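Here the structure comes first, spelled out in structure tokens, and everything after it is commentary.
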Amino acid sequence: MAQYRSEFLNTLEERGFIHQCTDMEALDAALMKGIVTAYIGYDCTAPSLHIGHLIQIMMQRHLQKSGHKPIVLMGGGTTKVGDPTDKDKSRPLLSNEQINANMDGIRTVFARFLTFGEGPTDAVMVNNDDWLSELGYLEFLRDYGTHFTINRMLTFESVKLRLSREEPMTFLEFNYMLMQAYDYHNLLGRFGCTLQMGGSDQWGNIINGVELCRRKDETQVFGLTTPLLSTASGQKMGKSMGGAIWLNADMLSVYDYWQMWRNTEDADVGKFLKLFTNMPLDEIARLEALQGQELNEAKKLLANEVTTLLHGAEAAATAAETARQAFEQGMAAEGLPTIEVSAAKLEVGIPAPELFTAAELTKSNGDARRQIKGGGVRVNDKVISDEKRQITSKDLDEDGVIKLSLGKKRHVLVKPV
RNA sequence: GGAGGAGUGCCCGAGUGGCUAAAGGGGACGGGCUGUAAACCCGUUGGCUAUGCCUACGUUGGUUCGAAUCCAACCUCCUCCA
């Protein structure tokens, strides 16, 4: 049933990565002809990438595995401008220090998915600040500004959204699409890069680059986007568990990462296995067909595989074991996220709301009180109903810790020091 | 530059002098049902050293016993005119 000649496109197609492509046939031919160099840009707006980026990273992994060359473009320069795509209002500008710090945080995850080096299909990482910050304004306007019309720029979804919401869009942000187009042109010149990939929200930005390369370089380059990921019930992915699902372990514990995959909706199991693991398709088909409770086994495998890719087999196994103990045996397992509290303070006693807030299970003391009233708060698996309840060293269990729980799934251990 | 309209909590949106920490919806969180799922039902949804205090309806001032609500200036957006 192979639809394409190239291994890369077939893999993407079979596993559900493809949303749109500028010219599927020509891209397929190019992939057969030799090594294709392809880039994906990553913004440096946060100190870690999150789960929404994972599909892009996986795509680059497939690219490399099928014999092509990935470029990881760090948006050190473009982040100074700020991508208005999908932003309903301007974001505060980040300082150069913040951007650099974010970049350092983001960088680390790629080594787990791609092989970097000097070889022909080894991945390379570049920072667009290297060329964007060198641009001269007047020169840039004359060389590139002439290839863009305001008429067309105004038709872009990112611009229209802002205008329709009656939110300001600054000229700086308006220029973002030119920067990204220029990146493509630049990477074409530098690395012979002829494919840009990204999320479907990047389609507009990508075709701008494709157009620019056609005009400036008279070269056909390609754009390929992934579908916007949502769960079967229409939620944006990773919305549960309070906050973004970060990839860096210091932003989100391995346990929580594992948990988030374990809680996948039934209808999404197959889709996620295809996108986020390397499991063979026939194996996935078998797992996907499981019914009812049995599907939970497939979810565990999904969580194991995905966590192994990002954090390694050992960390994934620990997370799985922690979850097993916490859920199947109701124990205060060691691998749960842990906070430290001064033993002296614990001796005196800490009001429960304060401790839950310190553990980041609740966002304020008031929030904690409301949760206690709502019956969602447990200490060592016992529901507490008194909001004035003091947590003291008497609550320490035989392992010398106290287990705080909010709801059924979120647990934090308190350890005296 | 001129005329008119608008800016409300995480988001959308009602409110046009005290009854307003601000209707309603969405989202989020918790409870119930379950399979650590979805759907559904119920509750909660500004902060605090808490029978009270503080912060909040674009920003800054003002009127008033009292302002999201009235006035002034400013900022931003929309529509029409130039």
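It should be emphasised that the depicted structure is a prediction, and the values quoted were computed from it without experimental measurement.
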How many Å lie between [atom1] on [X] and [atom2] on [N], as a whole number?
X: A:D266; N: B:U36; atom1: CG; atom2: P; value: 12 Å
X: A:H411; N: B:C29; atom1: NE2; atom2: C1'; value: 15 Å
X: A:D256; N: B:U36; atom1: CG; atom2: P; value: 18 Å
X: A:M260; N: B:A37; atom1: CE; atom2: C1'; value: 13 Å
X: A:D367; N: B:C29; atom1: CG; atom2: P; value: 11 Å

Separation between the [atom1] atoms of [N] and [M], rounded to whole Å:
N: B:U55; M: B:U36; atom1: P; answer: 47 Å
N: B:C11; M: B:G58; atom1: P; answer: 13 Å
N: B:C57; M: B:G46; atom1: P; answer: 15 Å
N: B:G62; M: B:A56; atom1: P; answer: 15 Å
N: B:G25; M: B:U76; atom1: P; answer: 36 Å
N: B:G18; M: B:C71; atom1: P; answer: 15 Å
N: B:A39; M: B:C19; atom1: C1'; answer: 40 Å

Report which part of the nucleic acid A:R370 touches: base, sugar-phosphate, or nothing (heavy-atom distance under 4.0 Å, all strands). sugar-phosphate
Sidechain N-carboxylate O distance under 4.0 Å for [X], [Y]:
X: A:D395; Y: A:R389; answer: yes
X: A:E283; Y: A:R286; answer: yes
X: A:K80; Y: A:D129; answer: yes
X: A:R410; Y: A:D256; answer: no

Closest to the 5' end of RNA chain B, once A:V377 and A:G366 are matched to their nearest nucleotides, is A:V377
Pick the nucleotide of RNA chain B nearest each of A:G407 and A:T264; which residue has the one closer to the 5' end? A:G407
Looking at B:G30, B:A37, B:U34, which one has an atom nearest to any side-chain atom of A:K408? B:U34
If you only use heavy atoms from C-beta on, which nucleotide in B:U36, B:U34, B:G30 is closest to the side chain of A:R410? B:G30
Counting only Watson-Crick pairs (N1-N3 plus N6-O4 or O6-N4) and G-U wobbles (N1-O2, O6-N3), all under 3.5 Å, who is the partner of [N]?
N: B:A6; result: B:U76
N: B:G27; result: B:U45
N: B:C40; result: B:G32
N: B:A21; result: none
N: B:C70; result: B:G62

Student check: side-chain heavy atoms of A:Q60 and A:L114 closer than 4.5 Å: yes
Ring centroid separation A:Y257 to A:W246 under 6.0 Å: no
What about A:F17 and A:H62, are their ring centers closer than 6.0 Å? yes
Go through the steps to decide whether A:Y144 and A:H185 satisfy the test ring-ring contact (aromatic ring centres under 6.0 Å, His included), and finish with yes or no. CA-CA 10 Å; A:Y144 298 94; A:H185 160 72; 5.3 Å; yes
RNA chain B-proximal residues of residues 292-301 of chain A, any heavy atom under 4.0 Å: A:G292, A:Q293, A:N296, A:K299
Could you list by number each residue of residues 344-365 of chain A showing a heavy-atom separation from RNA chain B of less than 4.0 Å, or answer none if no residue does? A:S364, A:N365
Residues which pass ring pair (Phe, Tyr, Trp, His ring centres under 6.0 Å) with A:F110, listed by chain and number, not counting sequence neighbours: A:Y42
Using the rule given for salt bridge (Lys or Arg N to Asp or Glu O under 4.0 Å), can you reason through A:D397 versus A:K403, listing the C-alpha separation, both sets of side-chain angles and the distance that settles it, and then say yes or no? CA-CA 9 Å; A:D397 68 6; A:K403 183 183 177 192; over 6 Å; no
So does A:N304 get a backbone contact from the side chain of A:T307, meaning a donor-acceptor N/O pair under 3.5 Å? no
